[in-house]
Peer 1: 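One structure coming up, written as structure tokens, with questions to follow.
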Amino acid sequence: MRDIADLKLKNILLEVDDDGIATVTLNRPEKRNALDLATIDELVDIFVTLPRAGIRAAILQANGDHFSAGLDLVEHHRENRSASDFMHVCLRWHEAFNKMEYGGVPVIAVLKGAVVGGGLELASAAHIRVAGPGTYFGLPEGQRGLFTGGGATIRVADLIGKARMIDMMLSGRLYQGQEAVDVGLCQYLVDDPAAKAQEIARNAAQNPPLSNFAICSAISHMQNMSALDAAYAEAVVAGVVNTQEDAKARLDAFAKGTANKIKPGT
């Protein structure tokens with residue numbers, strides 16, 4: 001099993017604190033954190049490794065003024081890829097983002113500046129998205145003669161609906177501010193998204209790991225099932241999670257009146 005210390009990273013910074021919270025930082029600010037294939041490969045390596053390294057939550061952020069401008073068009077143009085070549089690039093993107101969404105570790109994305117194209121596909125694979133002032137969301141593929149290849153038709157359409165996604169791609173429409181929250185592109189809009197993401201990550205890290213694994217994995221799987229199959233799967237997962245020793249201890253504390261009270265709005 002690969003250890004975090006064994007990861008060879010060039011385009012991404014990775015830090016882990018004493019509470020088991022990983023901070024994953026896109027580090028190509030001069031390229032507006034455009035996603036080249038090397039960066040995607042690093043994302044695969046990271047999100048394969050984190051769940052097996054006991055990481056309790058992950059924060060996904062970026063250096064510079066922008067979260068990510070999406071596909072590295074300079075690399076794409078230089079490589080002069082065939083249809084087959086680019087299909088395999090897209091499959092690698094899917095692998096990276098699937099590892100994020102289905103890995104079982106809560107991923108909180110800190111968003112700023114451009115969150116467009118493949119950058120929005122990356123952000124949509126996180127479980128919680130926190131945006132700051134000036135953050136804007138777009139899918140400009142249509143204006144560039146392109147089509148989404150990193151899961152937007154799955155995740156972005158799931159967040160905002162098919163009609164809004166088609167509008168974004170055809171017209172170049174951008175969402176920002178409260179409107180982005182209202183349509184579902186992010187859950188939070190705050191002045192300091194990094195601080196808010198830290199708060200969320202630390203709260204999530206206090207949950208039993210098995211509970212977080214179910215929340216950040218099983219729900220996505222169940223969305224891909226028929227209602228009947230999802231009901232069965234939910235019952236099975238609940239049977240396992242709700243009888244774990246950690247849950248029993250917390251329920252015992254609750255029954256004795258010693259558990260912390262949940263604050264409204266948290």
Side-chain angles (χ1 to χ4, degrees), residues 2-16 22-53 55 58-82 84-103 105 107-127 129-131 135-141 144 146-156 193-194 197:
R2 175 177 285 187
D3 187 82
I4 288 177
D6 296 330
L7 294 174
K8 306 299 182 183
L9 304 175
K10 178 181 178 182
N11 296 330
I12 300 177
L13 305 177
L14 176 60
E15 298 178 350
V16 179
T23 300
V24 181
T25 306
L26 303 177
N27 193 34
R28 302 183 78 210
E30 73 286 354
K31 297 284 190 179
R32 297 203 304 166
N33 294 305
L35 302 172
D36 63 355
L37 188 53
T39 302
I40 294 297
D41 286 341
E42 291 181 19
L43 285 170
V44 172
D45 288 342
I46 289 169
F47 285 101
V48 165
T49 303
L50 295 189
R52 302 174 185 177
I55 297 302
I59 295 170
L60 176 65
Q61 60 182 20
N63 281 335
D65 297 329
H66 302 279
F67 177 72
S68 176
L71 173 68
D72 188 330
L73 295 175
V74 174
E75 178 190 63
H76 179 56
H77 176 70
R78 182 184 66 243
E79 294 296 323
N80 192 27
R81 293 169 171 135
S82 67
S84 176
D85 292 336
F86 195 69
M87 178 192 71
H88 287 289
V89 169
C90 291
L91 289 173
R92 190 64 166 164
W93 280 52
H94 286 294
E95 182 178 0
F97 300 166
N98 286 340
K99 297 299 182 186
M100 288 176 56
E101 180 180 358
Y102 294 93
V105 172
V107 180
I108 299 94
V110 180
L111 306 178
K112 58 183 175 180
V115 185
V116 301
L120 179 50
E121 291 176 312
L122 171 61
S124 68
H127 302 101
R129 287 164 297 284
V130 184
T135 304
Y136 58 94
F137 302 83
L139 290 171
E141 281 78 1
R144 295 172 179 169
L146 304 173
F147 188 79
T148 58
T153 56
I154 303 163
R155 295 186 181 90
V156 178

Peer 1: Do any N or O atoms from the side chain of Thr49 and from the backbone of Asp45 form a donor-acceptor pair under 3.5 angstrom?
Peer 2: yes

Peer 1: Considering the options Val24, Leu50, Leu60, Ile59, which one meets the side chain to side chain contact (heavy atoms under 4.5 Å, CB included) requirement together with Val107?
Peer 2: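 Among Val24, Leu50, Leu60, Ile59, the one meeting side chain to side chain contact (heavy atoms under 4.5 Å, CB included) with Val107 is Leu60.
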
Peer 1: Using the side chain to side chain contact (heavy atoms under 4.5 Å, CB included) rule, pick out the option among Ile108, Val130, Thr135 that qualifies with Pro193.
Peer 2: Val130

Peer 1: Locate the shortest heavy-atom distance separating Ala123 from Leu111; write the atom from each residue and the value.
Peer 2: CB-CD2, 3.9 Å

Peer 1: I'd like to know if the side chain of Arg28 reaches the main chain of Ala34, judged simply by a donor and an acceptor atom lying under 3.5 Å from each other, with no hydrogens or angles considered.
Peer 2: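 It does hold such a pair.
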
Peer 1: Does a side-chain heavy-atom distance below 4.5 Å link Lys99 with Leu43?
Peer 2: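 Lys99 vs Leu43: side chains apart.
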
Peer 1: Mind checking whether Asn33 and Phe67 have side chains closer than 4.5 Å, heavy atoms only?
Peer 2: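 Not touching, per the 4.5 Å side-chain cut-off.
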
Peer 1: Are Phe86 and Leu71 packed together at the side-chain level, in the sense that at least one heavy-atom pair is separated by less than 4.5 angstrom?
Peer 2: yes

Peer 1: I'd like to check Leu7 versus Ile12 (side-chain heavy atoms, cut-off strictly below 4.5 Å). Are they in contact?
Peer 2: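 No, every pair of side-chain atoms sits at 4.5 Å or beyond.
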
Peer 1: Closest approach of Val16 and Ala22, non-hydrogen atoms and distance?
Peer 2: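 Of all heavy-atom pairs spanning Val16 and Ala22, the closest is CG2-CB, 4.1 Å.
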
Peer 1: Which pair of non-hydrogen atoms, one from Ala109 and one from Ala126, has the smallest distance, and what is that distance?
Peer 2: CB-CB, 3.8 Å

Peer 1: Using a 6.0 Å cut-off, check whether atom CD of Glu79 has over 12 heavy atoms from anything other than its own residue.
Peer 2: yes

Peer 1: Does the pair Tyr136 and His66 meet the rule for a side-chain contact (heavy atoms from CB on, under 4.5 Å), with working shown?
Peer 2: CA-CA 10 Å; Tyr136 58 94; His66 302 279; 3.9 Å; yes

Peer 1: Under 3.5 Å, side chain of Ser124 to main-chain N/O of Arg155, donor-acceptor pair present?
Peer 2: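 No, the answer is negative, given that no donor and acceptor are paired below the 3.5 Å cut-off.
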
Peer 1: Please give me the minimum heavy-atom distance between Val116 and Phe137, naming the atom from each residue.
Peer 2: CG1-C, 4.4 Å

Peer 1: Between His127 and Glu101 (side chain of the first, backbone of the second, donor and acceptor by atom type, cut-off under 3.5 Å), is there such a pair?
Peer 2: yes

Peer 1: With rounding to the nearest 0.5 angstrom, report the CD1 to CG distance, Ile40 to Leu35.
Peer 2: 4.5 Å

Peer 1: Looking only at heavy atoms, which two atoms of Arg92 and Leu37 are closest? And how far apart?
Peer 2: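 Minimum heavy-atom contact is CG-CD1, 4.1 Å.
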
Peer 1: Considering all heavy atoms of both residues, which atom of Gly119 and which atom of Val115 are nearest to each other, and what is their separation?
Peer 2: O-CG1, 3.8 Å

Peer 1: Hey, could you give me the CH2/CG distance between Trp93 and Leu122, rounded to the nearest 0.5 Å?
Peer 2: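 The distance works out to 8.0 Å.
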
Peer 1: Any donor-acceptor pair under 3.5 Å linking the side chain of Lys112 with the backbone of Ala62?
Peer 2: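 Confirmed, Lys112 side chain pairs with Ala62 backbone.
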
Peer 1: Return the CZ to CG distance between Arg144 and Leu139, rounded to the nearest 0.5 Å.
Peer 2: 10.5 Å

Peer 1: Using atom types as modelled and distance alone, determine if a side-chain donor or acceptor of Glu42 lies under 3.5 Å from a backbone N or O of Asn11.
Peer 2: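 Confirmed, Glu42 side chain pairs with Asn11 backbone.
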
Peer 1: Rounded to the nearest 0.5 Å, how far does CG of Leu26 lie from CZ of Arg32?
Peer 2: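 If I round to the nearest 0.5 Å, the distance is 13.5 Å.
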
Peer 1: Side chain of Glu121, backbone of Ala152: donor and acceptor closer than 3.5 Å?
Peer 2: yes

Peer 1: Do side-chain atoms of His77 reach the backbone of Asp72 as a donor and acceptor pair under 3.5 angstrom?
Peer 2: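 The answer is no, because no donor-acceptor pair under 3.5 Å joins these two groups.
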
Peer 1: Rounded at 0.5 Å granularity, tell me how far CG in Asp36 sits from NZ in Lys10.
Peer 2: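 One gets 8.5 Å once the value is rounded to the nearest 0.5 Å.
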
Peer 1: Can you confirm whether more than 12 heavy atoms, excluding those of Asp85, are under 6.0 Å from its CG atom?
Peer 2: yes

Peer 1: So does Thr23 get a backbone contact from the side chain of Gln61, meaning a donor-acceptor N/O pair under 3.5 Å?
Peer 2: no

Peer 1: Just wondering, do Thr148 and Val156 contact through their side chains at under 4.5 Å, heavy atoms?
Peer 2: no

Peer 1: Is any side-chain heavy atom of Leu9 closer than 4.5 Å to a side-chain heavy atom of Asn27?
Peer 2: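 No, side chains not in contact.
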
